[in-house]
Amino acid sequence: MPDIADKYKLHENFYLQDTLTVSAALLGKILVRKTGRHVLSGKIVETEAYLGDSDPACHAYGRVTPRNHTLYMKGGIAYVYFIYGNYYCFNVVTERKGVGAAVLIRAVEPFTGVEQMKLRRPKIRTEHDLTNGPAKLCLSFGIDRKLNEADLQSDEIYISKGNKEKFTIAVSRRIGIEKGAHFPYRFFIKDNPYVTRHKLNKEIISEMKS
DNA sequence: TATTCGATGTGCT
DNA sequence: GCACATCGAATAC
């Protein structure tokens, strides 16, 4: 069943651009997840770029393995990995086949399907806790390893254009890593309440307008 | 409010 | 064996 939002899906060429460009450009776009009759969606408010086999923080650093081979596929698919024995993180693969780069979606602002998200996360305290973190949003959106390598032109998960609002993009170091930690590869919408709460929010390296 | 710490399973060395 | 792109409960203040 076609959905009105389908015609606003980001074109596959969007994902073939430079990874830092994609990482910043994804802010304000809408992540859409369809499960059964439900449509869950949210505005992307925080991302991190992982630049491929030359970036020591990227899973593609080093050899090709069963886990990271997804990263080397053509941009425009999902890379979902399991972490810390409990959680999943959702990435968008970028650039040409063989580059090994991706953008981690770290936080979204819920748009539709909030009640369904709450059913999946009955213990949250505030609405922010639904999606202000990479593993939290995967829980709320029902994203797990079954979506690894999913085509972002598919209906089960995709990203569409947002509205034309203007906002300030802030840039900081990446969160939760040790190798390659000093690179300014984290992008977030300044002052958006759904951004991950972190001390790096006060250590903004640069800003730009969307 | 800020910081610490345990849970947990998988992939790679 | 150990590191790990996290979370949330417990603790300290």
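Within every chain, numbering begins at 1; the chains are lettered A, B, ... in the order of the sequence lines, protein sequences first and strands thereafter.
Contact annotation: A/R197 does not reach the phosphate of B/dT1 (side-chain N/O to OP1 or OP2, under 4.0 Å). Taking side-chain N and O atoms only, A/K179 has no distance below 4.0 Å to OP1 or OP2 of C/dA3.
If you measure from atom CG of A/N86 to atom P of B/dG9, you get 7 Å, rounded to the nearest angstrom. As rounded to whole Å, 7 Å separates atom P of C/dG8 from atom CG of A/L139. Between the CG atom of A/L104 and the P atom of C/dA5 there is a distance of 10 Å, rounded to whole Å. The nearest whole Å value for the distance from the CD atom in A/E46 to the C1' atom in C/dA5 is 11 Å. As rounded to whole Å, 16 Å separates atom P of B/dG9 from atom CG of A/D144. For A/R121 and C/dG8, the CZ to P distance is 5 Å, given to the nearest whole Å. The distance from atom NE2 of A/H198 to atom P of B/dT1 is 18 Å, rounded to the nearest whole Å. The interatomic distance linking A/I124 (CD1) with C/dC7 (C1') rounds to 14 Å, in whole Å.
Residue A/R63 is out of contact with every strand shown, counting any heavy-atom pair closer than 4.0 Å. As judged by a 4.0 angstrom heavy-atom cut-off over every strand, A/K199 is placed among residues making no nucleic acid contact. A/A57 comes within contact range of at least one nucleobase, with a heavy-atom separation under 4.0 Å. In this structure, A/R174 reaches neither bases nor backbone, as no heavy-atom distance under 4.0 Å exists between it and the strands shown. Residue contacts for A/D129: at a heavy-atom cut-off of 4.0 Å it reaches no nucleic acid atom on any strand shown.
Within the 3.5 Å criterion, the main-chain N or O of A/T19 finds a donor-acceptor partner in the side chain of A/E95.
Going from atom CD1 of A/I77 over to atom CG of A/N148 covers 7.0 Å, rounded to the nearest 0.5 Å.
Searching all strands for a Watson-Crick or G-U wobble partner of C/dA5 with both distances below 3.5 Å returns nothing. Pairing for B/dT8 is absent, judged as Watson-Crick or G-U wobble with the two contacts each under 3.5 Å.
Checked against the 6.0 Å centroid threshold, A/Y79 and A/Y81 count as a close aromatic pair.
For A/R67 and A/F82, the positive end is not near the middle of the six-membered ring at less than 6.0 Å and at most 45° from its axis.
Mapping A/F82 and A/K123 onto DNA chain C via the closest heavy atom, the residue that lands nearer the 5' end is A/F82. Along DNA chain B, the nucleotide closest to A/Y87 and the one closest to A/R145 are compared, and the more 5′ of them pairs with A/Y87. Heavy-atom nearest nucleotides on DNA chain C were determined for A/T196 and for A/G85, and the one closer to the 5' end corresponds to A/G85.
Closest to the A/K136 side chain, of the nucleotides C/dT6, B/dT10, C/dG8, is C/dG8.
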Go through A/I204 and A/F188 one step at a time and tell me if the side-chain contact (heavy atoms from CB on, under 4.5 Å) criterion holds.
CA-CA 10 Å; A/I204 293 171; A/F188 58 98; 4.1 Å; yes

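Between the side chain of A/Y84 and the base of B/dA7 there is no donor-acceptor pair of N/O atoms closer than 3.5 Å.
Between the side chains of A/E149 and A/H69, a donor-acceptor pair is found at a separation under 3.5 Å.
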